[in-house]
Amino acid sequence: MGRRRGAMPLLRRTSTFRGVFFVGANLLGFMAACAFLYYLTTGRWYDFSLSGMRRALAVPLSEILIRPPSIYSHPWMIVVTGLVLGVVAFVPLMVAVLYRLWVSAVFVLVLAAFAHAPMLAACLALGCIVAGHTRLRSDLPFLALLLGLSSALGVYLIVYFLFISPEPRRVLSAFQRLVFQLPFVVAFVSVVLAAAVVLALARLTRYRPGVIWPALLVLVAAPVWLFHAMVGRSELAYAALVEGVVASEKLLPAGRFELPPAGAAAPTSAASRPGLPAPAAQALARMELRRAELRARCERFLRRYPDSPRGAAVMWVLATLEDLEPDMQALRRGLTRWTYTGPSEPSAGAWYDLVDRFPDSPQALVAQYRLGIVALRQERIKEGWEHLHTAMTQLEDFTAPVTPSLWERVFVPMESLPGMEYYRQALERIRQVVWLMEANRVLTGSAEDVRALAEYMRLWPDFAVPARRLEALAAGAGKTRLADNFRFRAAMAVRDELARAEALAAVAAEANDGAVAANYELGRLALRLGDKPAWRRRKLKSAVEYFKLVASAPDSPYRPRAERLRRLAGGVSGRCRTRQTPWAGIAHNSLNE
């Protein structure tokens, strides 16, 4: 009985050494491609842990397209990922057509292990079986390979869309959905072209082994070269470094841990934190370890990629880490949370280094802001003013809204830490400090005014001290222009909202910059409490009236927000004239003149 067509390998028999040599060469090249695929996804070349394998089961292949550096932030990643996906699909299918089916099984296992793509490997295993057993294998091997590819792709797409389709928020527009398909198009075209080249070489060599590796070499070398030339290792290293980092002053996300039940005898830590329950002490140790790891990764990045434009963001992380402290009160409640206590004198060196090394970066503007606060806390008023004014004027340009083009709406650059909202908040805080200095003429004020400002800035912006402490500071600064600001902060420290409103009303009745802030905060309280009888019994005003007073005051950082909230509260439009309001006593001479 004759041999069934398509059952035997397409390549003719050769010596064992020659066969093993070329299969081994193909296997090594394929391992490199799988390792590169995993590298693009995680920033690591390999991970054979069971936990890593389990995570891979829940991660769709398309995750590589949206993880940074994604195809939307780096358009060249469309070609890079397309070629890599093409080579990992092409080689097992081509081996199934040219060699015995069990040989392709080795490549499928390598794909699952090295690239952490078990689902793709399972689908390609099905495709290899189809390509290796079809009757087209001997007569039309090109169609046999396409049939196997179509089978694998079809099963993968069915599983993908039914069970692990991407989150809708990750695809923002119709154009981005179109771009999302392009890497798969590149992969399909690369498989077709590589198959045509390999089968042509097979015919020219009369179906001798050794025809896959030339195409494999090109398919592996091309994406590796494109990635290094057009994207860069530093981009991937930066993306891996900041994964999980919060774009705020606290950097490290908060978390929870289990505390012993109330009333249970919980062992305490014998470490440097006396009285801290053992679970909290363990959580604190983990927090410190994570901070140390992040610091080490930042320092390693700066050593490896000294010329990377991402260095400014990494230096911002390093400088911010200097002033992070664990929130001990939160730890006693079962929360792991960080508190930003800076800027401080120890972190000032890091901020100076950032300005010197990356003077044109937006992170350098944050550094100027931080250095300005440090200078004010140390009573170096003129130096602090120069830092703050530099940061304010340049941040106004940097944060100005810009209408993006269609290209910029589709291909959005990967944002460096910190995010744009952080810069806007920094600008708002700088405006408050500059306004405080202008309204109180601190730059030309007395030595007592300078000391009062330094004391004020040592607590700014959170003023996380008891109200009694703030009242004592207000009494001590009674002969300075900043006394009203201390009284405002003392009123804000009152916990009960109605009692706080009464304290703020006493400050709001004055004619100074503290009164502007007090009226704004009263307006915010009135939005929530203005309709309650307790509010009206205290003869407090409506939110519209408070915001109207703030909007009519000399220009302040509170005015734009007060105008928006006033329209929200009562639909009142326009501005009140200055002569109709009690703000004539506020000194507001510009320090720029």
Side-chain angles (χ1 to χ4, degrees), residues 23-42 44-48 52-53 56-57 59-65 67 71 77-99 101 103-132 145-146 148-157 159-160 181-195 197-198 212-227 236:
V23 170
N26 295 334
L27 191 59
L28 288 175
F30 187 68
M31 286 179 179
C34 292
F36 186 59
L37 176 61
Y38 186 67
Y39 172 73
L40 292 178
T41 309
T42 64
R44 301 187 302 271
W45 288 99
Y46 60 89
D47 180 8
F48 299 121
M53 295 294 180
L57 289 171
V59 176
L61 181 64
S62 59
E63 188 77 10
I64 190 177
L65 307 181
R67 287 178 63 90
I71 59 174
M77 289 299 294
I78 296 173
V79 182
V80 172
T81 54
L83 291 175
V84 176
L85 293 177
V87 69
V88 298
F90 160 73
V91 174
L93 292 170
M94 196 76 256
V95 169
V97 172
L98 297 180
Y99 292 88
L101 190 59
V103 179
S104 66
V106 177
F107 288 81
V108 169
L109 292 175
V110 167
L111 174 61
F114 278 75
H116 279 219
M119 192 179 70
L120 176 62
C123 295
L124 279 174
L126 175 63
C128 290
I129 293 173
V130 173
L145 184 138
L146 290 184
L149 177 63
S150 301
S151 302
L153 182 61
V155 173
Y156 182 84
L157 291 178
V159 175
Y160 174 72
Q181 311 302 323
L182 292 181
F184 297 103
V185 174
V186 173
F188 185 83
V189 171
S190 65
V191 170
V192 170
L193 293 178
V197 170
V198 168
I212 294 180
W213 71 264
L216 175 59
L217 180 63
V218 173
L219 286 176
V220 173
V224 171
W225 180 83
L226 282 174
F227 176 77
L236 183 56

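If you read the sequence from its start, that first residue is 1, and numbering goes on from there.
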Which heavy-atom pair separates P183 from T81 by the least distance, and what is that distance? CB-OG1, 3.7 Å
At their closest point, which heavy atom of H116 faces which heavy atom of A113, and how far apart are they? CD2-O, 3.2 Å
Identify the heavy atoms of L149 and A89 that sit nearest to each other, and give their distance. CD1-CB, 4.4 Å
V108 versus P92, closest heavy-atom pair with distance: CG2-CB, 4.2 Å
I need the minimum non-hydrogen distance between A152 and C123, along with the two atoms involved. CB-O, 3.2 Å
Quick check for you: to the nearest 0.5 Å, what is the distance between L226 atom CG and I78 atom CD1? 12.5 Å
Heavy-atom side-chain proximity of V23 to V106 below 4.5 angstrom: no
Starting from the C-alpha separation in whole Å, work towards a yes-or-no answer on side chain to side chain contact (heavy atoms under 4.5 Å, CB included) for I71 and L182. CA-CA 9 Å; I71 59 174; L182 292 181; over 6 Å; no
Search all heavy atoms of V84 against all heavy atoms of A33 and return the closest pair with its distance. CG1-O, 4.1 Å
Return the set of residues passing side-chain contact (heavy atoms from CB on, under 4.5 Å) with A115 (not counting sequence neighbours), or none when no residue passes. C34, L37, L111, A117
Of V198, L216, L193, L85, which is the lone residue that meets side chain to side chain contact (heavy atoms under 4.5 Å, CB included) with F90? V198
Using side-chain heavy atoms (C-beta onward) and a distance below 4.5 Å, is V95 in contact with V91? yes
With side chain to side chain contact (heavy atoms under 4.5 Å, CB included) as the criterion, how do V88 and L124 come out once you've worked through the C-alpha distance, each side chain's angles and the decisive distance to 0.1 Å? CA-CA 9 Å; V88 298; L124 279 174; 5.5 Å; no
Residues that W45 engages under ring-ring contact (aromatic ring centres under 6.0 Å, His included), provided they are two or more places apart: Y39
Taking the side chain as every heavy atom from C-beta outward, state whether V191 and L145 have any pair of such atoms under 4.5 Å apart. yes
Sequence neighbours left out, what passes side-chain contact (heavy atoms from CB on, under 4.5 Å) with V192? Give chain and number order. F142, L146, F188
Going by side-chain contact (heavy atoms from CB on, under 4.5 Å), name the residues that satisfy it together with S190, two or more places apart in sequence or in a different chain. L83, L219
Are V197 and V218 close enough, and set up right, to give a side chain to side chain contact (heavy atoms under 4.5 Å, CB included), and what steps lead you there? CA-CA 11 Å; V197 170; V218 173; over 6 Å; no
Quick one: ring-ring contact (aromatic ring centres under 6.0 Å, His included) partners of F30, sequence neighbours excluded? F107
Not counting sequence neighbours, which residues clear ring-ring contact (aromatic ring centres under 6.0 Å, His included) with F36? List them please. F227
Calculate, to the nearest 0.5 Å, the distance between atoms CD1 and CG belonging to I212 and N26 respectively. 5.0 Å
